[in-house]
Number of protein chains: 2
Amino acid sequence: MAFSNLFEAAGKIMSNTNNPTESSSEGFGFIPHLAIDAVIFGFHNNQLKVLLMQYSKTCLHALPGGFVLLTENLNDAAKRVATERTGLSNIYLEQFYVFGDVARHDPTPFISFMEADGSAHNPGHWLLQRFISVGYFGLVDFTLVTPTPDKIFDSCDWYHLDALPPLIQDHTAIVHKALQALRAMLDDKLIGFNLLPRDFTMSELQSLYETILDKKLLRPAFQRKMLGLSILERVAKKFSGGAHKAPYLYRFVSK
Amino acid sequence: MAFSNLFEAAGKIMSNTNNPTESSSEGFGFIPHLAIDAVIFGFHNNQLKVLLMQYSKTCLHALPGGFVLLTENLNDAAKRVATERTGLSNIYLEQFYVFGDVARHDPTPFISFMEADGSAHNPGHWLLQRFISVGYFGLVDFTLVTPTPDKIFDSCDWYHLDALPPLIQDHTAIVHKALQALRAMLDDKLIGFNLLPRDFTMSELQSLYETILDKKLLRPAFQRKMLGLSILERVAKKFSGGAHKAPYLYRFVSK
DNA sequence: TTATTATTGTATCATTATGTTACAATAATA
DNA sequence: TATTATTGTAACATAATGATACAATAATAA
């Protein structure tokens with residue numbers, strides 16, 4: 001159960017190379033110095049949430065992440081990470097930035113893990129080296145996700161974007177940059193629908209947009225705009241809401 | 001003058017590690033498997049141009065590129081590459097995509113270089129391994145650039161975007177993705193000015209926009225829009241143009 | 001059964017932005 | 001001094017967006 005053992009085990013599963021050593025990620029089948037960090041967004045109770053991992057012994061929080069196998073497409077590695085943490089395939093994923101400053105290198109969290117785990121930490125361990133990380137954001141239907149822990153982090157859960165715990169390294173900055181990227185694309189690429197269930201009301205959609213853009217929108221203008229794009233199919237009415245007219249349910253259909 | 005020697009020399013200059021070997025890029029001080037490709041755009045004669053390298057012995061063309069030193073910021077490495085190829089510092093640079101498919105791996109050009117260079121090519125040479133490449137585009141004032149060759153490629157020159165020679169690996173696709181990214185940002189980020197000299201006429205600016213967006217724009221609307229942004233300072237008149245009213249020169253000023 | 005309530009869908013008008021045409025101003029040339 | 005081509009901008013038309021208003025209608029309560 002020592003940390004290095006976990007990694008060795010993981011390495012043996014994933015690697016086809018011989019001679020794995022603690023100080024070489026290639027020995028574990030990974031491209032060295034290269035990581036993936038995934039900012040998985042969900043929408044629940046009119047709030048944006050992100051999936052975060054935690055290693056309970058140290059209480060440290062981090063983004064879901066992983067490494068790229070020597071013979072794996074970069075985007076496939078991101079897909080793999082996102083799928084493993086959510087239980088979903090076909091996740092909408094987008095590269096948004098590569099974090100490559102030397103200053104982001106901070107091995108102390110991993111040293112803490114290894115010490116908390118009782119294993120003497122090898123200062124040459126590949127996990128402690130500098131990493132350049134490709135940032136992806138993912139948009140998922142909150143209701144379909146099964147948050148699933150890691151080989152490193154033993155818990156995985158949703159956190160409200162406005163109340164994130166302190167995160168390791170530069171992960172807080174990564175989350176904010178992901179949100180910026182999502183905002184910038186929202187109108188151009190019409191990707192917001194990936195955060196909603198298949199059927200949704202217009203006010204749910206508007207509430208999503210307002211939350212992402214962090215500003216109030218005018219209801220009639222929003223509805224007119226959305227319907228004018230002819231990307232929405234009116235499905236049925238949603239009854240039993242409250243003491244008022246029942247809203248229609250809409251479904252996203254590509255033009 | 002053999003290829004591997006060039007690299008060994010380069011490696012010795014740039015690396016602080018001991019024990020350099022041909023099969024390890026870390027031996028040369030670089031992060032292995034990670035490259036940078038730079039799409040440097042210029043604007044000349046109402047045409048978009050890109051800087052391309054050539055290794056004359058093989059006639060192969062490629063994008064300017066480079067590798068990331070073990071203790072260098074990723075963005076600094078891109079800056080270094082762009083600066084070395086243009087002679088300019090303070091180049092507007094933007095990450096636009098990471099090219100990480102396994103299928104892009106194609107060592108044949110580098111094998112050709114090594115063979116053309118007369119050195120027996122070592123099949124384990126680090127240059128022949130798979131690379132994940134971070135794509136940057138750069139916007140420069142064509143008139144200020146001094147195209148400068150590489151340690152690998154012995155020529156560097158401008159090529160009209162619509163008449164690119166065949167490029168190695170997936171570099172043609174990288175150029176087109178860069179252009180897409182530039183287009184998408186043009187209105188939001190007002191970065192077009194980086195492609196013009198300090199002072200320019202309105203019709204030069206419009207011509208630039210038309211070339212990048214690949215569509216005609218209406219002159220009065222374009223002028224009204226640009227002036228309305230209040231990012232342009234009217235500097236002077238440009239005389240001796242032709243048999244017509246002299247246009248004003250404008251200069252970009254941040255708001 | 002009927003009034004009340006809150007929310008929805010959309011019409012309407014106001015305002016702003018953009019598309020389009022037109023024309024006077026003016027450097028260089030003939 | 002007339003001609004030419006291009007510039008700067010006015011003027012109008014059209015489209016997009018901002019803002020207000022109101023009828024329609026599910027659920028609840030009287």
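Residue numbers start from 1 in every chain, and the chains themselves are labelled A, B, ... in the order their sequence lines are given, proteins ahead of strands.
Centroid-to-centroid, the aromatic rings of B:Phe67 and B:Phe131 come within less than 6.0 Å. Aromatic pair B:Tyr97/B:Phe99: centroids less than 6.0 angstrom apart.
Under 3.5 Å, the side chains of A:Tyr136 and A:Asn75 contain a donor-acceptor pair of N or O atoms.
Note: CZ (A:Phe200) to P (C:dT8) measures 14 Å, nearest angstrom. Atom NZ in A:Lys238 sits about 13 Å away from atom C1' in C:dT8, given to the nearest Å. As rounded to whole Å, 12 Å separates atom C1' of D:dT7 from atom CD of B:Gln206. In this structure, NE2 of A:His244 is placed 14 Å from P of D:dA29, rounded to the nearest angstrom. Rounded to an integer number of Å, the gap from A:Lys245 NZ to D:dC22 P is 16 Å. If you measure from atom NZ of B:Lys237 to atom C1' of D:dT7, you get 9 Å, rounded to the nearest angstrom. Rounded to whole Å, the distance from CD on A:Glu204 to C1' on C:dT7 is 13 Å.
The neighbour count for A:Lys237 NZ, taken as heavy atoms of other residues, nucleotides or ligands under 6.0 Å away, is above 12.
Ring pair B:Phe222/B:Tyr209 is perpendicular by interplanar angle, where above 60° counts as perpendicular and below 30° as parallel. The aromatic rings of B:Tyr159 and B:His61 sit perpendicular, their planes meeting at an angle over 60°, well past the 30° parallel limit.
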List the protein contact pattern of nucleotides 9-20 of chain D with one symbol per nucleotide (5' to 3'): B for base contact, S for sugar-phosphate-only contact, - for none; contact means a heavy-atom distance under 4.0 Å. BBB-----BBBB
Canonical and wobble pairing (Watson-Crick, G-U, under 3.5 Å) of DNA chain C, dot-bracket with |: ||||||||||||||||||||||||||||||
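Counting heavy atoms from C-beta on, the side chains of B:Leu167 and B:Pro165 come closer than 4.5 Å. Using a 4.5 Å cut-off on side-chain heavy atoms (C-beta onward), A:Asp170 and A:Asp106 make no contact.
Among the atoms of the strands shown, only primed sugar atoms or phosphate atoms (P, OP1, OP2) are found under 4.0 Å from some heavy atom of B:Ser203.
For the side-chain contact (heavy atoms from CB on, under 4.5 Å) with A:Val140, the lone residue among A:Val145, A:Asn90, A:Leu51 that qualifies is A:Val145.
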